[in-house]
Number of protein chains: 2
Amino acid sequence: MEARDFKNFAYGHFTKISKALASPRRFELLDYLSQGPKTVERLASETHMSVANTSQHLQALREARLVVSSKVKNHHYYELADQEVAELLHITKRLAERRFPDVADVRVMETTDGGSVPVMSTSQAMAEVEAGRAVLIDVRAQDEYDSRHLSSALSIPLDKLEERLAELPATKKLITYCRGSYCLYASDAVRLLRSRGFDAYRLDEGPADFAISRERASDEQEDAR
Amino acid sequence: MEARDFKNFAYGHFTKISKALASPRRFELLDYLSQGPKTVERLASETHMSVANTSQHLQALREARLVVSSKVKNHHYYELADQEVAELLHITKRLAERRFPDVADVRVMETTDGGSVPVMSTSQAMAEVEAGRAVLIDVRAQDEYDSRHLSSALSIPLDKLEERLAELPATKKLITYCRGSYCLYASDAVRLLRSRGFDAYRLDEGPADFAISRERASDEQEDAR
DNA sequence: TATCTATTCAAGATAATTATTGAATAGATA
DNA sequence: TATCTATTCAATAATTATCTTGAATAGATA
């Protein structure tokens with residue numbers, strides 16, 4: 001193989017990955033998939049795309065080997081092919097926030113509802129929970145919770161929150177979380193809870209982001225040995 | 001701002017980053033830029049692109065805020081806007097190798113010349129150097145060495161290697177490195193050195209990759225505190 | 001001032017990507 | 001077997017990206 005062919009081969013493959021992430025629709029699909037496996041129809045309705053278009057984008061993601069699919073009954077489930085895909089999303093978002101400060105500003109504005117929704121970091125939240133002063137509430141859909149959730153978190157999907165208020169301790173902090181820093185569910189939950197007198201907060205990340213920080217930490221412990 | 005507008009805003013910005021990485025030419029430009037600042041003409045000749053096309057791609061990278069430029073005399077120097085860009089390249093490559101095993105196979109085949117060029121990891125190399133059994137040789141261009149290099153490495157650009165053989169210790173291992181795992185310079189150097197009787201090896205990464213591993217390690221030490 | 005050099009800009013042809021529509025398929029369920 | 005459901009495929013039109021060519025610019029140098 002000639003040197004130039006080798007470079008074309010390598011860069012061609014690298015950009016298969018980046019091309020797959022280069023469409024806002026596909027980026028969003030991957031973002032949802034980082035919460036766990038989902039069917040085409042579910043992804044279509046969550047992203048407000050047509051089913052055909054969703055399917056087409058999923059084909060593109062599969063060609064780039066970022067997702068894999070499996071069949072259960074007559075549903076096709078798609079999921080991330082590798083946890084490193086979630087890491088790539090994470091780093092791309094972080095770089096976007098660094099290079100376009102507006103992005104972070106708008107995120108904070110929107111997810112805190114202009115400052116009225118207090119935010120807590122995961123480490124702070126963990127400390128509160130361990131000290132018995134707070135309870136974690138996962139407000140995502142049940143299957144997303146089942147797929148992965150923060151330890152000790154309760155599952156109360158946002159649309160069930162109002163009818164299940166009685167289950168919540170009035171004397172503790174309630175710390176909600178959802179898919180990640182750009183998801184508004186936890187902010188909606190905090191607003192509802194605060195309007196009912198609870199001391200509510202939201203996390204600044206979701207289980208996928210948290211898993212990445214954890215993994216990086218353990219990678220490094222291995223490297224250090 | 002409506003919830004949908006917020007998502008479009010956020011995903012639109014995330015994909016500005018990915019779109020910039022989605023062309024093999026631009027990916028290659030960034031890869032060269034991770035070795036240090038370079039002029040348009042230099043980048044054009046290294047990537048075998050026309051100057052106009054190179055400039056156009058650099059504009060695109062600047063729009064995506066992945067590079068910044070500065071002017072010295074009548075040369076425009078471009079450089080990475082953030083070290084995290086190099087990290088994004090690194091992770092994209094790693095994921096491409098995981099998902100497309102051929103990429104790693106071809107890389108190993110090409111950079112070891114079918115197995116005849118022995119490869120060493122950076123940690124192994126560092127240990128050999130510290131024990132006084134090996135010398136590190138940076139075979140990249142002088143300005144790339146000046147921009148950043150592994151500590152204790154000698155600078156001997158590949159095209160000067162033959163005339164400077166007398167400077168090299170015949171009793172130690174010679175460990176060469178270049179831009180990274182996909183760069184062939186170090187392999188060429190090893191072939192030359194071995195043909196003259198030296199005990200030569202190449203590193204499996206370059207200074208940019210090495211810096212990323214280091215940074216990750218120190219990030220995690222901070223997190224642990 | 002004239003000229004040279006490095007870079008950018010503008011226009012155009014070609015190719016690739018996207019969303020939409022409607023048809024096709026494959027596997028359940030009745 | 002017939003029907004239903006979830007998904008994919010195929011064709012189209014609209015948009016966007018790419019490379020080439022040649023002209024324009026801005027700053028050095030003579």
Side-chain angles (χ1 to χ4, degrees), chain A residues 4 7-8 11-33 37-79 143, chain B residues 4 7-8 11-33 37-79 143:
Chain A
R4 195 63 239 173
K7 298 225 156 158
N8 289 345
Y11 286 113
H13 278 85
F14 301 157
T15 52
K16 277 189 192 183
I17 306 285
S18 340
K19 274 183 215 277
L21 295 180
S23 141
R25 303 306 211 170
R26 283 196 297 272
F27 201 108
E28 190 173 359
L29 287 172
L30 290 173
D31 224 10
Y32 281 117
L33 287 174
K38 290 178 194 283
T39 64
V40 180
E41 198 176 31
R42 174 97 177 270
L43 287 164
S45 80
E46 291 195 294
T47 59
H48 304 101
M49 282 196 272
S50 74
V51 171
N53 196 19
T54 305
S55 171
Q56 199 168 298
H57 279 304
L58 288 168
Q59 302 313 309
L61 291 171
R62 187 162 52 189
E63 293 254 308
R65 306 206 190 165
L66 300 186
V67 304
V68 292
S69 65
S70 56
K71 225 166 169 176
V72 179
K73 297 236 175 180
N74 58 349
H75 292 274
H76 292 210
Y77 282 86
Y78 280 83
E79 65 188 304
D143 65 328
Chain B
R4 195 62 240 171
K7 299 226 154 158
N8 289 344
Y11 287 112
H13 278 84
F14 301 157
T15 52
K16 277 189 193 183
I17 306 285
S18 335
K19 274 184 215 280
L21 295 179
S23 139
R25 302 305 212 171
R26 284 196 297 272
F27 201 108
E28 190 174 359
L29 287 171
L30 290 173
D31 224 10
Y32 282 116
L33 288 173
K38 288 178 195 283
T39 64
V40 181
E41 199 177 31
R42 173 98 176 270
L43 287 164
S45 81
E46 291 195 294
T47 60
H48 304 101
M49 282 196 273
S50 74
V51 171
N53 196 20
T54 304
S55 171
Q56 199 168 296
H57 279 305
L58 288 168
Q59 302 311 309
L61 290 171
R62 187 164 53 190
E63 292 255 306
R65 306 205 189 166
L66 298 186
V67 305
V68 293
S69 65
S70 56
K71 223 166 169 177
V72 178
K73 296 237 176 179
N74 59 348
H75 292 274
H76 292 211
Y77 282 86
Y78 280 83
E79 65 187 304
D143 66 327

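Below, each value reflects all heavy atoms present in this structure, side chains not excepted, and no hydrogens, waters or symmetry copies. Every chain is numbered from 1 and lettered A, B, ... according to where its sequence line falls, protein lines coming before strand lines.
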Problem - Whole angstrom value for the distance that separates P of D:dA6 from CD of A:E41 - result: 5 Å
Handout entry: Contiguous Watson-Crick or G-U pair runs (3 or more, under 3.5 Å) in DNA chain C
Key = C:1-30 with D:1-30
Problem - Those residues that, when tested against A:E46, pass side chain to side chain donor-acceptor pair (under 3.5 Å) (two or more places apart) - result: A:K38, A:R179
Exercise for the section: Name the nucleic acid region contacted by B:V51, choosing base, sugar-phosphate or nothing; use a 4.0 angstrom heavy-atom cut-off, strictly under. Expected result: base
Exercise for the section: Flag the pair B:L29 / B:M49 as yes when at least one side-chain heavy-atom distance between them is below 4.5 Å, and no otherwise. Expected result: yes
Handout entry: A:L30 side, atom CG; A:L21 side, atom CG - distance, nearest 0.5 Å
Key = 6.0 Å
Polar pairs (N or O, both sides) under 3.5 Å between protein and nucleotides 9-17 of chain D?
none

Completion exercise
Its contact letters, B for base, S for sugar-phosphate only and - for none at protein heavy atoms under 4.0 Å, make nucleotides 25-30 of chain D read --SSS-
Problem - B:Y78 vs B:V68 side-chain heavy atoms within contact, under 4.5 Å - result: no
Practice task
Spell out, as yes or no, whether a donor-acceptor pair under 3.5 Å connects the side chain of A:T39 to the backbone of A:R42.
Solution key: yes
Problem - Atom CD of B:Q59 with >12 non-hydrogen neighbours under 6.0 angstrom - result: yes
Handout entry: Whichever of A:H76 and B:S50 has its nearest DNA chain D nucleotide further upstream toward 5'
Key = A:H76
Exercise for the section: Indicate whether OP1 or OP2 belonging to C:dA19 is found under 4.0 Å from a side-chain N or O atom of A:R25. Expected result: yes
Exercise for the section: Tell me what A:Y78 touches on the nucleic acid: a base, only sugar-phosphate, or nothing, going by heavy atoms under 4.0 Å. Expected result: sugar-phosphate
Problem - Separation of C:dT7 C1' from B:L43 CG (nearest whole Å) - result: 13 Å
Problem - ring-ring contact (aromatic ring centres under 6.0 Å, His included) against A:F14, all qualifying residues, sequence neighbours excluded - result: A:Y11, B:F27, B:Y182
Exercise for the section: For residues A:S69 and A:R62, determine if any side-chain heavy atom of one lies less than 4.5 Å from a side-chain heavy atom of the other. Expected result: yes
Problem - Ionic contact status for A:K7 with B:D31, cut-off 4.0 Å - result: no
Problem - Contact check, side chains of B:T54 and B:E41, non-hydrogen atoms, under 4.5 Å - result: no
Problem - Whole angstrom value for the distance that separates P of C:dT18 from CG of A:L61 - result: 10 Å
Practice task
Can you tell me the distance, in whole Å, between the CZ atom of A:R42 and the P atom of D:dT7?
Solution key: 12 Å
Completion exercise
Whole-Å distance, A:F27 CZ to C:dT18 C1', equals 19 Å
Handout entry: Between C:dA6 (P) and B:M49 (CE): distance, integer Å
Key = 18 Å
Exercise for the section: Determine which pairs satisfy salt bridge (charged side-chain N to carboxylate O under 4.0 Å, His left out) with at least one residue from residues 14-26 of chain B, sequence neighbours left out, and list them in order. Expected result: none
Exercise for the section: Round to a whole Å and report the spacing from CG of B:L29 to P of D:dC19. Expected result: 10 Å
